[in-house]
S.K.: 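One structure, as structure tokens, below. Some questions next.
To find a chain, count down the sequence lines: A is the first, B the second, and so on, and within it residues start at 1.
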Amino acid sequence: MKKIDWEKMSKPIILVGAIIILSVLRPQSFLTANNFANVLWSVSVIGIMTCGTVFVFLAGGIDLSIGTLAGLSAITVVEIIDKMGATNASVIIGIIAALCVGAFAGMVHGLIITRFNIPAFLVTFAAQSVYLGLSMVITNNRIVSAREPALFTSIGSMKILGFPLPIYLMIIIALISWFSLSRTTFGRDIYAVGGNPEASEISGVHVSKDIVLCYVFSGLTAAIGGIVLASMTQQGMASTGSGYETQVITAAVIGGVSLLGGVGTVPGCIYGVVIMGLINNGLNLMSVPSTQSGLVQGVVIIIAVAFDALQHQDQSRKKVKRISEQIKGTASS
Amino acid sequence: MSKELLLEANHIYKSFSGIPVLHDVHFDVRRGEVHALMGENGAGKSTLIKIITGIYTKDAGQISWEGKPVEINSYQDCLNLGISCIYQELSVIPPLTVAQNVYLRKEPLRAGLIDYNKMNSMTQQLIDLYDFPLKPTTLVEDLGMGQRQLVEILKGLSNDSKLLIMDEPTSSLSGKEAESLFGIICKLRDQGVSIIYISHRLEEVYRLSDRLTILRDGKNAAVLEKDEIIPKMVIETMIGKEMEEVDDSSKELRSDEGPVCLEVKSLTDSANRFRNISFQVRHGEILGIGGLIGAGRTEIVRAIYGVDKAASGEVLLDDERLDPNPALSISKGIGFVPEDRRKQGFIPLLSTVKNVALTNYDIIKRTGMAIDENDELELSKKAIEAIDIRPADPQKEVGTMSGGNQQKVVLGKWLVRGLKLLIVDEPTAGIDVGAKAEIYSILDQLASDGVAVIVVSSDLQELLRVSHRIIVMRKGGIVREFKDETVTQAKILAAMQGVEEGEKR
């Protein structure tokens with residue numbers, strides 16, 4: 001009999017386990033199509049943003065600006081709709097403008113990081129404040145509401161075959177990311193850059209250009225996330241999207257993405273996103289008061305990540321052993 | 001200098017997994033002498049040092065310190081005796097001051113807190129004693145490499161060291177810095193400190209050493225007093241005179257008649273690591289480049305391939321002028337196997353398939369934007385077959401393979417595409433004999449298929465084995481070209497060292 005590959009199996013096991021536990025605990029409310037749609041809907045924005053930011057993680061970087069950048073994009077779109085009198089044309093222009101804001105910001109991050117060789121952590125951490133500040137200045141720290149037109153509000157609420165549109169958006173973006181990471185030369189290059197930038201450069205990979213593109217894509221999905229959030233809540237304010245970067249990093253790490261670069265997949269990210277949705281949903285259904293849910297959520301996430309790390313540790317121990325044997329071998333030659 | 005022995009190692013034996021590395025080696029150091037330890041790569045120098053410093057345990061033998069037998073089982077033991085080792089890669093911490101580095105982990109305390117005044121004055125005392133050009137309060141990051149080395153030495157001296165071991169201390173120093181280090185070494189010797197000096201640079205050794213021990217193949221080849229040290233003889237002893245006539249220590253070079261593939265015209269580096277380099281390589285020719293570490297060999301081939309930019313000069317491939325960068329070089333048919341396999345050669349977390357594919361996406365089939373994964377796999381299988389990687393598992397992560405197999409992947413990815421020129425830098429460093437032989441035969445095969453090959457190597461035997469023609473570099477320039485003649489390891493080594501044949505010291 002073939003030995004079970006526990007590392008590969010752990011994710012489906014945890015996922016099925018979580019579903020079984022919740023089904024047993026809350027059979028009436030959990031096991032409904034409506035609730036499943038709800039779980040996915042609640043994490044769709046995180047999912048959209050994770051699928052973009054994973055490029056940055058894989059290339060060995062980090063993007064802490066995506067939360068407030070989503071906020072800035074949300075404000076861009078609602079302000080334009082507001083100023084242009086809530087016409088359908090204003091929606092199109094607003095969305096395009098918000099996407100441009102996201103992509104441009106990403107490009108700036110990437111250029112600063114690669115040209116000046118500054119750690120991504122610092123650049124995007126500073127950018128986080130810049131976007132929050134910019135949003136506050138633009139809105140004068142007020143809430144800009146966008147209840148009209150229907151073309152805009154339907155982005156967050158319209159249902160197709162019983163599922164809200166943001167879930168389809170998440171799936172489409174996940175497919176695009178998954179395809180480009182696993183089947184195009186650009187994606188292959190990203191894994192190489194994250195795994196060993198020097199060797200990649202020597203292999204003819206345009207390392208800096210690829211890194212910039214990763215940040216552009218990350219900024220772009222942050223903008224999409226911001227637009228969807230604004231539509232869902234029918235408003236935009238400076239704090240829209242704040243804190244999403246932590247959720248995205250958590251989802252990615254639960255999904256097996258290494259923050260050191262070179263390791264991770266889009267299906268893994270989606271798994272991480274769904275697990276986070278299930279945790280939140282479960283806490284909700286079990287009526288854990290919101291004062292406690294943050295605490296429980298944090299603990300559950302630590303357990304999930306520690307479980308994952310434990311398995312990798314086992315692997316890396318084996319690797320260390322192998323390498324040390326190799327070194328001995330070299331010393332003897 | 002007294003003749004009193006400070007350290008004495010007798011009948012030292014050591015083997016790794018059954019292969020003897022040291023065989024009945026004797027080594028001793030007198031009080032207040034500079035004793036050079038020499039030998040080719042793999043002669044056993046570093047193993048001997050690691051036994052003396054307690055990093056390796058000897059299989060058999062006896063070590064005495066100041067006349068008494070001692071057991072050195074850890075680096076701490078060796079520090080306690082008064083032996084300090086100054087490694088090639090410095091262990092000083094840049095953001096700390098000189099004094100903080102010197103007294104790291106043995107800081108003088110007052111009321112449980114570090115007494116910085118005392119620490120600085122103690123450091124100043126040491127500096128005065130040996131007259132080093134340093135100040136206790138300077139940050140190490142503001143110092144040049146040479147001064148950092150002095151901090152490292154000071155650190156050793158602060159342990160009351162009677163014996164300093166210096167392993168290639170000048171490898172990262174400028175000429176001026178090295179000069180001042182030599183002055184300090186002489187000063188230390190005059191104060192009664194003994195120094196074991198390991199270097200590949202013969203000129204330094206001749207200048208500094210009071211005595212010289214030469215190891216060859218893990219055995220004592222000679223122990224020479226100062227007046228017995230004659231450069232030509234030292235080289236011959238290192239290589240082994242009796243090997244002089246043997247096939248692999250000399251070779252009849254040939255001259256290839258093929259059309260010129262690569263022409264380099266007065267290539268000069270912006271950091272002056274090489275200057276005014278001109279040479280040609282013909283199709284079907286294997287050109288060997290020899291020289292000491294730091295002679296500029298690696299820098300030149302990196303500039304030709306385009307990893308680094310040269311300040312001036314021209315690179316022509318088949319008469320076409322290139323402004324090289326790696327992507328362009330690859331598309332023009334140049335392959336490159338870099339010096340440091342682990343750091344520059346491959347992506348450890350990726351499989352052979354993806355490592356091979358990385359430089360070959362231009363020849364892998366696609367449907368639209370999607371890579372044809374079958375074709376990708378086929379290509380890697382071709383590479384595995386071309387270079388015989390065992391076990392032939394294309395999905396295995398390259399990081400988990402043996403050094404020999406890793407190098408085969410790095411080389412193999414070039415064999416699946418049409419090459420005009422292949423540049424290999426230290427192609428067989430740290431890999432086993434079997435894999436070495438296979439790599440040589442692949443290079444031979446490539447040349448007979450009309451590919452021009454450049455081999456940079458520090459291994460003289462290798463240089464002789466593969467090259468059709470050899471150029472030797474020294475201090476950033478080409479000093480000698482061997483072609484159409486019988487060349488021996490001794491001749492190459494002499495050129496590398498800047499020693500002309502027959503010259504006596």
S.K.: Charged N to carboxylate O below 4.0 Å: is that the case for B:Lys408 and B:Glu438?
M.R.: yes
S.K.: Test the B:Lys58-B:Tyr13 pair against the cation-pi criterion, namely NZ or CZ under 6.0 angstrom from the six-membered ring centroid and within 45° of the ring axis.
M.R.: no
S.K.: Can you give me the closest heavy-atom contact between B:Gly412 and B:Ala383, atom names plus distance?
M.R.: O-CB, 3.7 Å
S.K.: Only pairs of heavy atoms separated by less than 4.5 Å count here; which of B:Leu328, B:Val307, B:Leu358 has the most with chain A?
M.R.: B:Leu358
S.K.: Which heavy-atom pair separates B:Gln344 from A:Asn196 by the least distance, and what is that distance?
M.R.: N-ND2, 4.4 Å
S.K.: What residue, out of A:His206, A:Glu201, A:Glu198, A:Arg188, has the most heavy-atom pairs lying under 4.5 Å from chain B?
M.R.: A:Arg188
S.K.: If only atom types and distance count, is the side chain of B:Asp269 paired as donor or acceptor with the main-chain N or O of B:Arg273 below 3.5 Å?
M.R.: yes
S.K.: If you check every heavy atom in residues 49-60 of chain A against those of chain B, which residues fall under 4.5 Å?
M.R.: none
S.K.: Search all heavy atoms of B:Pro427 against all heavy atoms of B:Ile439 and return the closest pair with its distance.
M.R.: O-CD1, 4.0 Å
S.K.: Between A:Val205 and chain B, which part of the residue has a heavy atom less than 4.5 Å away: side chain, backbone, both or neither?
M.R.: side chain
S.K.: May I have all residue pairs that pass side chain to side chain donor-acceptor pair (under 3.5 Å) and include part of residues 347-359 of chain B, sequence neighbours excluded?
M.R.: none
S.K.: Based on non-hydrogen pairs under 4.5 Å, which of A:Ala192, A:Ser180, A:Gly195 is most in contact with chain B?
M.R.: A:Ala192
S.K.: Please check if the number of heavy atoms outside A:Phe179 that lie under 6.0 Å from its CZ is greater than 12.
M.R.: yes
S.K.: Output yes when B:Arg341 and B:Asp425 qualify as a salt bridge under the 4.0 Å nitrogen-oxygen rule, no when they do not.
M.R.: no
S.K.: Which region of A:Phe186, side chain (C-beta onward) or backbone (N, CA, C, O), has a non-hydrogen atom less than 4.5 Å from a non-hydrogen atom of chain B, or is it both or neither?
M.R.: neither
S.K.: Which of residues 105-127 of chain A get closer than 4.5 angstrom to chain B, counting heavy atoms alone?
M.R.: none
S.K.: Side chain, backbone, both or neither: which part of A:Ser182 has a heavy atom under 4.5 Å from chain B?
M.R.: backbone
S.K.: NZ of B:Lys343: more than 12 outside heavy atoms within 6.0 angstrom?
M.R.: no
S.K.: Okay, side chain of B:Trp414, backbone of B:Phe336: is any donor-acceptor separation there less than 3.5 Å?
M.R.: yes
S.K.: Who are the side chain to side chain contact (heavy atoms under 4.5 Å, CB included) partners of A:Pro197, not counting sequence neighbours?
M.R.: none
S.K.: Of all of B:Arg366, B:Glu376, B:Lys413, which one pairs up most often with chain A through heavy atoms under 4.5 Å apart?
M.R.: B:Glu376
S.K.: Testing the 3.5 Å rule here: is there a donor-acceptor pair between the side chains of A:Ser65 and A:Glu245?
M.R.: no
